[in-house]
Amino acid sequence: MNRLFTKSLCTSSAAGANLKPPPPDPAAISNLILSSPIQSPLPSNTPWTPHLVNSILKRLWNHGPKALHFFHLLDRRHRNYIHSPSSFNLAIDIAARLHLHTTVWSLIRRMRSLRIGPSPKTFAIVAERFASSGKPDKAVNLFLNMHEHGCSQDLASFNTILDILCKSKRVEKAYELFKDLRGRFSADVVTYNVIVNGWCLIKRTPKALEVLKEMVERGISPNLTTYNTMLKGFFRSGQVRQGWEFFLEMKKRNCGIGFDVVTYTTVVHGLGVSGEVKRAKKVFDEMIREGVLPSVATHNALIQVLCKKDTVENAVLVFEEMVRKGYEPNVTTYNVLIRGLFHAGEFTRGEEMMRTMEEEGGCEASFQTYNMMIRYYLECGEVEKALGLFERMGSGGCLPNLDTYNILISGMFVRKRSEDMVVAGKLLVEMEILRSQSKSGSRLTKKFRLTESGKALFREDRARTVSKLLNYTIALLSWAKKFSAFYSSCVSEYR
DNA sequence: GTAGGGTTAG
């Protein structure tokens, strides 16, 4: 990886004095940071910009300590660069994910001393981390005390905290807070929509309908967002008939609102995933007749539905049609279609589609793309293909995450070859290092160890081989643990 | 980062 960086430096010097040097490559710098010891200085003479810093922080997302180290080095030791509020927010997000509360607060204080924040967004980020790590009360307290940190509470921030609680499935908690404070903040249609959506997210549509009734009683008119939310709620909870009837009712009453592209996309997707492909296609055609233009998301919904419940060939036809009409497929379009092709065993066409996506579509493969392709390859024993993709991930635009490692390690057992076990062991060590930096992944790993690896090993009846491999794995694991303890002690320097 | 639609399979 060091070589990669040197190479990029060489190209820039070879470009000559009269040619503008190429912009710094975030991937190369990220790889340099990843492969260097923690105390290493940053490459000098880099023209730092908020954009460059943010893309490096995003690339190092799964390597939090390294990312924070980079952020701190630049913050403290560079005279000509001051971090932007958005970089601070990213760093705070990373620190909060690692539960480094002291770091979070020192970053917030630093923002304040530089007079660039914290903003409501900063608090939303921290609150979201609290809520999603099982501490909704802390999220609420943060909202209640944010004015003490120079950030005022208003209806917008009230709606945000309710939304954060709802999206992390703490709907009861959100509803409590809503009832307590709706008077103080004069709850509006957005507030009610957030709560309606909350109940829908946990599939409690009767509660959602209750809130809908309540808002009408309190003189707040539901808008199209409210109805679309409710519609999605029905489909999500498997109440396809109720969803369809709600849609017809919306059509009948009209309410002067009409439908928009979101309404139609919801119905196309909802009907399709429940197997009603013909009706989904009819609704898709109907929206065009009604003069509502389908969006890329609508096409994605239809393509996914065709892949799942019809044929991938028909999905490809819709894809080609959308391109012909001038739509620009996005990363979701490609992911859905590549998945469909792989699912149908069309690996070559899937690979071709990935090339199209990167070369013609201008889309970079995401970790979803890679993880899904790796999973399908491993499923049918194409270990080399899977490892090839894994290698490409390391050098390309998106780094492997814990899911990638779990998928790969589990897959190393399918061929029952000893050389695969060695690779699995190596991957396990790498993953242990990665996991030691991301506490949120520990549950996932535990599950993997107890289920996938255990089952795979016990399926092997050659007891001696099994026990040898098991010992090997255990030795690697304990070595990895020692190493990660050592690593954490190095890391603690800047916590 | 005041709200609603489109990413795995198990």
Side-chain angles (χ1 to χ4, degrees), chain A residues 85-86 89 92-93 118-129 131 143 151 153-164 166-167 185-198 200-201 208 215 220 222-233 235-236 257 259-270 272-273 280 283-284 287 292 294-305 307-308 318 322 327 329-340 342-343 363 365-376 379 403-404 406-407 410 447 451-452:
Chain A
S86 61
N89 285 339
I92 288 169
D93 203 350
S119 64
K121 183 176 173 173
T122 315
F123 285 102
I125 289 167
V126 182
E128 204 266 329
R129 289 294 122 217
F143 164 72
C151 209
Q153 287 166 324
D154 53 12
L155 178 59
S157 57
F158 178 54
N159 290 342
T160 302
I161 187 70
L162 292 177
D163 196 36
I164 287 168
C166 285
K167 298 233 166 87
F185 289 105
S186 323
D188 63 355
V189 61
V190 177
T191 323
Y192 279 93
N193 286 349
V194 164
I195 299 294
V196 167
N197 187 42
C200 286
L201 283 175
M215 74 189 279
I220 294 167
N223 57 16
L224 189 52
T225 300
T226 326
Y227 293 121
N228 287 343
T229 305
M230 215 44 246
L231 193 57
K232 174 74 191 170
F235 286 119
R236 181 185 281 117
I257 304 176
F259 293 161
D260 67 359
V261 58
V262 177
T263 323
Y264 283 110
T265 306
T266 306
V267 177
V268 168
H269 188 251
V273 293
V283 173
F284 184 85
M287 74 184 284
V292 180
S295 64
V296 172
T298 322
H299 285 92
N300 294 350
L302 185 62
I303 289 170
Q304 194 208 107
V305 155
C307 285
K308 274 188 171 171
V318 172
M322 81 182 271
Y327 286 96
N330 59 21
V331 64
T332 308
T333 322
Y334 288 108
N335 283 347
V336 166
L337 202 53
I338 294 171
R339 177 170 293 120
F342 269 60
H343 194 75
C363 286
S366 64
F367 70 88
Q368 284 100 331
T369 324
Y370 281 110
N371 287 359
M372 167 259 298
M373 290 171 81
I374 289 173
R375 196 190 293 269
Y376 277 110
E379 224 169 62
D403 280 335
T404 321
N406 276 312
I407 294 164
S410 309
K447 187 175 153 202
T451 59
E452 296 307 325

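Chain naming here is simple, since letters A, B, ... match the order of the sequence lines and numbering starts at 1 in each.
With hydrogens and angles left out, the side chain of Asn330(A) and the base of dG6(B) share a donor-acceptor pair within 3.5 Å. Taking only distance into account, the side chain of Ser295(A) meets the base of dG5(B) through a donor-acceptor pair shorter than 3.5 Å. The base of dG1(B) does not come close enough to the side chain of Thr160(A) for any donor and acceptor atom to sit less than 3.5 Å apart.
Taking only side-chain atoms of Arg339(A), from C-beta outward, the nucleotide of dA3(B), dT2(B), dA9(B) with the closest atom is dA9(B). For Val190(A), the side-chain atoms get nearest to dT2(B) when compared with the rest of dA9(B), dT2(B), dG6(B). Among the nucleotides dG1(B), dG6(B), dT8(B), the one closest to the side chain of Ile164(A) is dG1(B). Of the candidate nucleotides dA3(B), dG5(B), dA9(B), dA3(B) has the atom lying nearest to any side-chain atom of Val194(A). Distance from the side chain of Asn300(A) is smallest to dG6(B) among dG5(B), dG6(B), dA3(B). Here the side chain of Lys232(A) is nearest to one of dG6(B), dA9(B), dA3(B), namely dG6(B). Among dA3(B), dT8(B), dT2(B), the nucleotide with an atom closest to any side-chain atom of Asp188(A) is dT2(B). Of the candidate nucleotides dA3(B), dG5(B), dG1(B), dG1(B) has the atom nearest to the side chain of Glu128(A). When the nucleotides dG6(B), dG5(B), dG1(B) are ranked by their closest atom to the side chain of Thr266(A), dG5(B) comes out on top. Nearest to the side chain of Lys121(A), among dA3(B), dT8(B), dG1(B), sits dG1(B).
Rounded to whole angstrom, the span from the CG atom of Leu162(A) across to the C1' atom of dA3(B) amounts to 11 Å. Rounded to an integer number of Å, the gap from Asp154(A) CG to dA3(B) P is 13 Å. The separation between Lys167(A) atom NZ and dA3(B) atom C1' is 7 Å, rounded to whole Å. The distance between atom CZ of Arg129(A) and atom P of dG1(B), rounded to the nearest whole Å, is 15 Å. Separating the CE atom of Met322(A) from the P atom of dG6(B) is a distance of 15 Å, rounded to the nearest angstrom. Between Gln368(A) atom CD and dG6(B) atom C1' the separation is 12 Å, expressed in whole Å. The CZ-P distance, from Phe123(A) to dT2(B), rounds to 14 Å in whole Å.
Within the structure, every side-chain polar atom (N or O) of His299(A) is placed at least 4.0 Å from both OP1 and OP2 of dG5(B). Applying the 4.0 Å criterion to OP1 and OP2 of dA9(B), one finds that Tyr376(A) has a side-chain N or O inside that range.
Note that the OG1 atom of Thr332(A) and the CD atom of Gln368(A) stand 8.0 Å from one another [nearest 0.5 Å]. Remark: Asn193(A) CG to Thr229(A) OG1 distance equals 5.5 Å, nearest 0.5 Å.
Among the heavy atoms of the strands, none lies under 4.0 Å from Val267(A). At a threshold of 4.0 angstrom between heavy atoms, the contacts of Thr333(A) with the nucleic acid are absent. Counting non-hydrogen atoms under 4.0 angstrom, Val261(A) reaches a base of the nucleic acid. Within 4.0 Å of Asp260(A), counting heavy atoms only, lies at least one base atom of the nucleic acid. Nucleic acid contact class of Asp163(A) (heavy atoms, under 4.0 Å, all strands): sugar-phosphate only.
In this structure the side chain of Tyr192(A) never reaches within 4.5 angstrom of the side chain of Pro222(A), judged on heavy atoms. In this structure the side chain of His269(A) never reaches within 4.5 angstrom of the side chain of Phe235(A), judged on heavy atoms. Between His299(A) and Thr333(A), every side-chain heavy-atom pair lies at or beyond the 4.5 Å cut-off.
Note on ring orientation: taking the six-membered ring where Trp is involved, the planes of Phe185(A) and Phe143(A) are tilted (angle from 30° to 60°).
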